Amino acid sequence: MEKLVLIDGHSILNRAFYGVPNLTNSEGLHTNAVYGFLNILFKVLDEEKADYLAVAFDLKAPTFRHKMFDAYKGTRKPMPEELHEQVPLMKEVLTAMGVPILTKEGYEADDILGTIAKREQKDGYEVTILSGDRDLLQLSDTHIRICLPKTSRGTTEVHNYYPEDVIREYQVTPEQFIEVKALMGDQSDNIPGVPSIGEKTATSLIVQYQNLENIYTHLDEVKPPRAKKALEEHRDLAELSLKLARICVDAPIEFSMADAKLENLYTPEAYEYMKRLEFKSIAARFGEGIRNESGPEKQFVLVEDFSEADALFEKAKKEDHIGMELLAENGSVTALALSFEETGSYIFPVGGFMTESYIAGKYEELCRTGHAWVLDLKHSLPFAKLSYGDTVYDAGVAAYLLNPLKDTYGYDDIARDVLGMTVPSRADLIKKMSYKDACAKEQDNFTRMAGLMAYTAFAAGKPLSERLAAEGMEDLYRNIELPLIYTLFHMEDEGIAVRREELTAYGGKLKKQIAVLEKEIWEMTGQEFNINSPKQLGEILFEKMQIKGGKKTKTGYSTAADVLEKLAPDYPVIRKILDYRQYTKLNSTYADGLGTYIKEDGRIHSRFNQTITATGRISSTEPNLQNIPIRMELGREIRKVFVPRDGFLFLDADYSQIELRVLAHMSGDERLIEAYKTAQDIHAITASQVFHIPLNEVTPLQRRNAKAVNFGIVYGISAFGLSEDLSISRKEAMEYIERYFETYPQVKSFLDSLVAHAKEQGYVTTMFGRRRPVPELKSSNFMQRSFGERVAMNSPIQGTAADIIKIAMIRVDERLRRENLRSRLILQVHDELLIETAEDEKETVMKILSEEMHHAASLKVELEIDMHGGKNWFEAK
DNA sequence: GCGCTCACG
DNA sequence: ACGTACGTGAGCGCG
């Protein structure tokens, strides 16, 4: 029997839209719904072996149901713009694939599906209807199967319904399903139903009386009385609803099975669409590059014989392009994976004559060839003596530069995004096992994972290089990001010494005070409760104590510091709560928190991540050493526990207002540049110029306001944000901004040009070519679009500053090593570098820091730095 | 796992 | 009318 697959277009598109995370191609087109639709389509076609295929869509025009009932809405709920724009796109894609699109004025897609399904069933076809709408179950028949995709725990399963399945799940036949719907109504379709009859009552009534007509025949006996009364009063509604709910199966639709005959979906036109929409994995199905299913399987060969291994390594050395991954973690090497041909990879597990140091040594040698691509170079550096001068290409970092907005850059991500291959991830293959355990217990999966890693590094290398070059990021990649990998590894490896006893003592002091404050707060509120629970705290303050503060968050009252701070003068307990918050924060995150990271060498080895931020900054984790307290005196004390090793001191150098200087340079604003050339205090001179007053007459308040405006400019100014920050009206904030832009007109035109560029190109760039896509600018949502505008203004500034300090870091680290100094770069905090400096090298290091930070970039204003020394981090700031 | 809060630049 | 300043990471409470 030949098979016909019919798809409910809007319904599946809608499901896909909400089920697939936001996607945009580089033109800024939203594509997630189309992507999800195609995936469902291909999945069903793979499973069904369909012979015919057609997709039905609703039209905008009113349908016969509107003629019956004015308030009828049909299945078209208001559609978000992001989805709406994908409807015509979806139709174009289907047309390009040769799939007929069925529409009929005056009818909904349901009616088209119903009509054709019943008609073709009669003609002897096996019909499958794919929809996300349960209402379609009424069409289920001997040879009509309804498929509803259902998502549970992240995975989508398709449930199939023949009539017996409908009965099993809903106790009623497909025909009776209509009657149930008529009784209970449907909010989304605006089918009125009978008031006060819900799904349960409706189902039991239909089970008992089969249909509406029969219910009314036996109305006297109907129970419960509530239902009886409602049915009595609303007979007209019930009968109208029955007509509205019934899908039409004899609509005047012309349809020829010949048009729906499935021949070849994979047309060149459709392929062009897949490329344009950047659906790599779908494009790959169309025949280019590596195929998901139909292509040749990769061979992952386990090599355990020493001489075979050695021969392969020698062969690899002669290749001009190889991919590798050293599978090493927790201080030990498990295997090396190597790939230098399209057919697959070789995996060399540690064991026998192939010792850890042999494997690591071979990895090192192959890295030194200068034509190796790896997935994560920094991870392998503890096992390989590589440094500046060894050019090893890192695929993760390359993928990050090409799209810094992603969460992960694993081999599976790169295989998907660059190669159009869908491959199982590490978690899919070895769950949460370590490499060591996986290699021992799940050798097949481990081998496959390792093989995929090396193959991905190998195959993605060239396309990644080409894309970086095409997007103007070759220099950024080669001269900044790749060398930085070594710098960051050195910092991680070096770590920073922390005095555990002092940290514990500091924590003890905090804990004592916390206990006191807790007691006082409980007494003052007359209740023992968890002060750290915003929920409990909000209820006590704003309900029990009747403090007026109003709701602010989705979940309840806001108890954030800025809210409480306003209330503190009137309620003594609020001050205590703020103090309590400060103490507990310091205790849990810093005193106790940092303590757990001190290693046996007495040092904390934080990780510096290179592929996290959207702007190009680095981030620090486990623990985060970029947010150690400094603004409040009590918190600042904690810096005293960070100390240099014996015979060393700390030198701390930070850029003075690097972001504003970057702004002055990039905008080319003459007055701002001039301001930097003449004045020491940029915020004061801003106040002087903006408010037209002599510099020496600027009041502290005026300076503070000017400083806030300067910050605002860098953040992508908004009157609202500035007004919040300064606690002034939006009108006043607006005036400040206007005055600022009058004073520095080129800053205004520069920021405008950034937004315009972002709107046209979909991204902004830093001075060094780093890109940040800004998809939010395409949003129909005002808030999101405004966010996009601020991002377009901020990212080039923040990103350029990040580029500059990265250059400085590399040069400082490289010079310390090349000049055989013992001093080491140990931390970076966005505009600040901390060096553990040998006492006798102090002057040299000061000179190096000063020179390299100053000359990291050549701007129209000088890059000035402030430097301090000390015997701990507290003193060195 | 997510929202809130708060530490930093 | 909408409801925000930009970029991060960690700990806690809660469902």
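Chain naming here is simple, since letters A, B, ... match the order of the sequence lines and numbering starts at 1 in each. Everything numeric here is computed off the predicted structure, so don't read it as measured data.
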Closest to the A/A560 side chain, choosing from B/dC8, C/dA5, B/dC6:
B/dC6

What is the nucleic acid contact for A/S786, judged by heavy atoms within less than 4.0 Å: base, sugar-phosphate only, or nothing?
nothing

Rounded P spacing from B/dC6 to C/dA5 in Å
14 Å

Does A/K535 get its side chain close enough to the base of C/dC14, under 3.5 Å, for a donor-acceptor pair?
no

Looking at C/dG7, does its base get a donor-acceptor pair with the side chain of A/R790 below 3.5 Å?
no

So what does A/Q536 hit on the nucleic acid, given a heavy-atom distance under 4.0 Å: a base, only sugar-phosphate, or nothing?
sugar-phosphate

Could you measure between the two P atoms, the one in B/dC4 and the one in C/dG3, and give it in whole Å?
14 Å

Separation of C/dG11 atom P from A/L510 atom CG, nearest Å, is 15 Å

Less than 3.5 Å apart, any donor N or O on the side chain of A/Y557 or A/E539 sitting next to an acceptor on the other?
no

Checking the side chain of A/T800 only, and the main-chain atoms of A/I797 only, is there a donor and an acceptor separated by less than 3.5 Å?
no

Sub-3.5 Å donor-acceptor pair from the side chain of A/T621 to the main-chain atoms of A/N624, do we have one?
no

Checking N1-N3 plus N6-O4 or O6-N4 for Watson-Crick, or N1-O2 and O6-N3 for wobble, each under 3.5 Å, the partner of B/dG3 is C/dC12

Assert yes or no for the condition that the ring centre distance of A/Y736 to A/F691 is strictly below 6.0 Å.
yes

A/Y740 OH to C/dA5 P: how many Å, rounded?
21 Å

B/dC8 P sits how many Å from A/L827 CG, rounded?
15 Å

Nearest whole angstrom, please: distance from the P of C/dG7 to the CZ of A/R770.
15 Å

Would you mind classifying the nucleic acid contact of A/A561 as base, sugar-phosphate or nothing, using non-hydrogen atoms under 4.0 angstrom?
sugar-phosphate

Let me spell it out: for each of A/N794 and A/M783, pick the nucleotide of DNA chain C with the closest heavy atom. Which residue's pick is nearer the 5' end?
A/M783

For A/E565 and B/dC6, give me the distance from atom CD to atom P, rounded to whole Å.
10 Å

Donor-acceptor under 3.5 Å (A/E481 side chain, A/L401 main chain)
no

Taking any heavy-atom pair under 4.0 Å as a contact, classify A/A708: base, sugar-phosphate, or nothing.
base

Within a 6.0 Å radius of atom NZ on A/K512, are there more than 12 heavy atoms belonging to other residues, nucleotides or ligands?
no

Main-chain N/O of A/G593 paired to A/T596 side chain as donor or acceptor, under 3.5 Å
yes

Contacts to DNA chain C from residues 632-640 of chain A, heavy-atom cutoff under 4.0 Å, which residues?
none

Base, sugar-phosphate or nothing for A/V714? Non-hydrogen atoms, less than 4.0 Å.
nothing

With a cut-off of less than 4.0 Å, is there a side-chain N or O of A/R631 near OP1 or OP2 of B/dC6?
no

Test item: A/K378 side-chain N/O and A/N609 main-chain N/O as donor-acceptor pair under 3.5 Å
no

Proximal nucleotide (of B/dC8, C/dG7, C/dT4) relative to the A/R730 side chain
C/dT4

Interatomic distance where CD belongs to A/E789 and C1' belongs to C/dG3 [whole Å]:
14 Å

To the nearest angstrom, the CG-P distance between A/N705 and C/dA5 comes to 19 Å

NA contact type, A/R607, heavy-atom cut-off 4.0 Å: base, sugar-phosphate, or nothing?
nothing

Pick base, sugar-phosphate or nothing for A/D725, based on heavy-atom distances below 4.0 Å to the nucleic acid.
base

Considering only B/dC8, C/dG3, C/dG7, which nucleotide approaches the side chain of A/F782 most closely?
C/dG3

Where the side chain of A/V829 is defined as all heavy atoms beyond and including C-beta, which of C/dG7, C/dA10, B/dG9 is the nearest nucleotide?
B/dG9

Look through every strand shown and name the nucleotide pairing with C/dA1 as Watson-Crick or G-U wobble, where both distances are under 3.5 Å.
none

Base, sugar-phosphate or nothing for A/S558? Non-hydrogen atoms, less than 4.0 Å.
sugar-phosphate

What's A/N781 touching, base or sugar-phosphate or nothing? Going by heavy atoms closer than 4.0 Å.
nothing

Answer yes or no: is there a donor N or O on one side and an acceptor on the other, between the side chain of A/E85 and the main chain of A/H30, under 3.5 Å?
yes

Under 4.0 Å between any heavy atoms, over every strand shown, what does A/R581 touch: base, sugar-phosphate, or nothing? Just pick one.
sugar-phosphate

Sticking with atom P, work out how far B/dG3 lies from C/dT4, rounded to a whole angstrom.
14 Å

Checking the side chain of A/N872 only, and the main-chain atoms of A/V641 only, is there a donor and an acceptor separated by less than 3.5 Å?
no

Under a 4.0 Å heavy-atom cutoff, the residues of residues 608-625 of chain A touching DNA chain C are A/I612, A/T613, A/A614, A/T615, A/R617, A/S619, A/S620, A/T621, A/E622, A/N624

In terms of side-chain geometry, is the basic nitrogen of A/R426 or A/E329 positioned less than 4.0 Å from the acidic oxygen of its partner?
yes

Have a look at A/F787 and say if it touches a base, only the backbone sugar-phosphate, or nothing, with a 4.0 Å heavy-atom cut-off.
sugar-phosphate

Sugar-phosphate only, base, or nothing, as touched by A/T559 at under 4.0 Å among non-hydrogen atoms
sugar-phosphate

Scan A/L586 against the nucleic acid and name what it touches under 4.0 Å (heavy atoms): base, sugar-phosphate only, or nothing.
nothing

Indicate, with a heavy-atom threshold strictly under 4.0 Å, whether A/G712 touches base, sugar-phosphate, or nothing.
base

Determine yes or no for a side-chain-to-main-chain donor-acceptor pair under 3.5 angstrom, with A/K877 supplying the side chain and A/R636 the backbone.
no

Using whole Å, report how far CD1 of A/I604 lies from C1' of C/dA10.
14 Å

Phosphate oxygens OP1/OP2 of C/dG13: is one of them under 4.0 Å from a side-chain N or O of A/N530?
yes

Backbone N/O of A/Y763 and side chain of A/R772: donor-acceptor pair under 3.5 Å:
no

Could you work out which one of B/dA7, C/dA5, B/dG9 sits closest to the side chain of A/S718?
C/dA5

